[in-house]
Amino acid sequence: MNNKLLILPNIYLLPLIFLVYTNQLYANEPSELGFLYKQVIDAPKNKSYNDAISKVIAVKDKYKGDQQSLFAINQPLTTLYSYVGQYKKAISFPTDEPLISEDLIENLSPISAVEKILTMSKETQIVMINEAHHIALHRTLTTSLLQKLWSSGYRYLAIETLSKRDVDINIRGYAIERSGTYSNEPVYAEMIRTAKKLGYQIITYDDSSGSER
């Protein structure tokens with residue numbers, strides 16, 4: 001479930017955010033998981049966020065003790081929590097196995113992500129920022145980079161979650177419900193508005209077949 005932001009310097013900025021559904025949905029009933037992801041897609045359309053959250057929790061209760069299934073179920077659940085601004089809940093449920101051990105973290109030193117990315121962006125034509133669907137804080141990082149990257153010559157923001165059906169987003173200057181799925185999360189929508197105010201050209205390319213990804 002990775003998102004990536006691509007950015008090109010000089011004349012181009014091709015930030016790109018990959019929002020890719022995992023191919024490893026672990027629960028025992030794939031059709032039921034399909035139902036859960038449908039809640040993520042339909043909740044903004046129907047303005048039924050609380051109802052969608054309740055439905056996902058009901059399914060989750062059936063898989064208590066099945067850790068792999070719970071990881072997969074937590075993905076749509078935490079995304080729905082982010083839609084309604086329940087950001088603490090959105091990050092309180094694990095959605096995958098930890099990738100970094102505590103021993104490794106102990107040997108690392110923190111640095112400014114913004115400053116490091118900006119320094120590296122001057123030596124390349126593409127910047128990719130990875131994010132999780134359910135963690136709005138990741139989008140605040142991207143938003144904080146937009147002005148500085150614009151000053152360095154980046155001009156295009158390509159976001160996978162956006163639908164090609166929304167042909168007017170660059171004229172309108174902001175996302176609406178039909179623009180895409182994860183752009184219904186408030187911080188994500190604000191990131192798009194900020195990019196447009198700065199002058200970025202938004203590129204939409206999401207494709208349900210996955211071929212364009």
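Please read all numbers here as calculations on a predicted model, not as lab measurements.
For the pair Ile192 and Leu162, the minimum side-chain heavy-atom distance is below 4.5 Å. Counting heavy atoms from C-beta on, the side chains of Ile117 and Lys148 never come closer than 4.5 Å. Here the side chains of Glu131 and Tyr182 are not in contact, with every heavy-atom distance at 4.5 Å or above. Using a 4.5 Å heavy-atom cutoff, the side chains of Arg172 and Ile169 are in contact. Within the 4.5 Å cutoff, no side-chain heavy atoms of Tyr188 are placed close to those of Thr142. Looking at His133 and Val40, their side chains never come closer than 4.5 Å, going by heavy atoms from C-beta outward. At a threshold of 4.5 Å between non-hydrogen side-chain atoms, the residues Thr78 and Thr95 count as touching.
Val56 and Val84 end up in the same hydrophobic cluster when Ile, Leu, Val, Met, Phe, Trp and Tyr side chains are linked at under 4.5 Å. Transitive grouping of hydrophobic side chains (ILVMFWY, heavy atoms separated by less than 4.5 Å) keeps Leu141 and Leu137 in distinct clusters. No path of Ile, Leu, Val, Met, Phe, Trp and Tyr side chains, each step under 4.5 Å between heavy atoms, connects Leu145 with Val187, placing them in separate hydrophobic clusters. Criterion: ILVMFWY side-chain heavy atoms under 4.5 Å apart, direct or through other members. Under it, Tyr174 and Ile202 are not part of a common hydrophobic cluster. If you chain together hydrophobic residues whose side chains sit under 4.5 Å apart, Val59 and Phe93 fall into the same group.
Applying the side chain to side chain donor-acceptor pair (under 3.5 Å) criterion to Asp42, with sequence neighbours excluded, gives Lys38. Legend: residues meeting side chain to side chain donor-acceptor pair (under 3.5 Å) with Asn74, ordered by chain and number and at least two apart, are Lys60. Residues forming a side chain to side chain donor-acceptor pair (under 3.5 Å) with Asn46 (at least two apart in sequence, or on another chain): none. Looking at residues two or more places apart in sequence or on another chain, you find no side chain to side chain donor-acceptor pair (under 3.5 Å) involving Arg178. In this structure, Asn107 has no side chain to side chain contact (heavy atoms under 4.5 Å, CB included) partners at least two apart in sequence or on a different chain.
Contact detail for Val114 and Ser144: the closest heavy-atom pair is CG2-OG, 3.7 Å. Taking every heavy atom of both residues into account, Thr161 and Thr181 meet most closely at OG1-N, 3.5 Å. Here the closest non-hydrogen pair linking Thr79 and His134 is N-CB, 3.6 Å. In this structure, Leu157 and Ala195 approach most closely via the heavy-atom pair CD2-CB, 3.7 Å. Listed here is the closest heavy atom pair of Pro186 and Ser82: CD-O, 3.9 Å.
Within the model, atoms CD of Glu185 and CE of Met191 stand 9.5 Å from one another, a figure rounded to the nearest 0.5 Å. Taken to the nearest 0.5 Å, the CD1 atom of Ile41 stands 10.0 Å off from the OH atom of Tyr37. Atom CG of Leu70 and atom CG of Asp61 lie 9.5 Å apart (nearest 0.5 Å). With rounding to the nearest 0.5 Å, the separation of CG in Asn170 from CD1 in Ile203 is 8.5 Å. Gln75 CD to Asp96 CG: the interatomic distance, rounded to the nearest 0.5 Å, is 7.0 Å. Distance check, rounded to the nearest 0.5 Å: OG1 of Thr194 to CZ of Arg139 gives 13.5 Å.
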Run the side chain to side chain contact (heavy atoms under 4.5 Å, CB included) check on Lys88 and Tyr81 step by step: do they pass? CA-CA 9 Å; Lys88 288 185 177 180; Tyr81 278 136; over 6 Å; no

Please step through side chain to side chain contact (heavy atoms under 4.5 Å, CB included) for the pair Met120 and Val127, ending with a clear verdict. CA-CA 8 Å; Met120 296 177 69; Val127 175; over 6 Å; no

Run Leu149 and Ser121 through side chain to side chain contact (heavy atoms under 4.5 Å, CB included) and show every step you take. CA-CA 8 Å; Leu149 288 169; Ser121 72; 3.6 Å; yes

Would Leu198 and Tyr154 count as a side chain to side chain contact (heavy atoms under 4.5 Å, CB included) here? Give the steps. CA-CA 11 Å; Leu198 290 170; Tyr154 290 82; over 6 Å; no

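Arg155 contributes a side-chain N or O that, together with a main-chain N or O of Trp150, makes up a donor-acceptor pair within less than 3.5 Å.
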Would you be so kind as to tabulate the donor-acceptor pairs closer than 3.5 Å made by side chains of residues 47-54, with sequence neighbours excluded?
{"from": "Lys47", "atom 1": "NZ", "to": "Pro44", "atom 2": "O", "distance (Å)": "3.0"}
{"from": "Asp51", "atom 1": "OD2", "to": "Lys55", "atom 2": "NZ", "distance (Å)": "3.3"}
{"from": "Ser54", "atom 1": "OG", "to": "Asn50", "atom 2": "O", "distance (Å)": "3.0"}

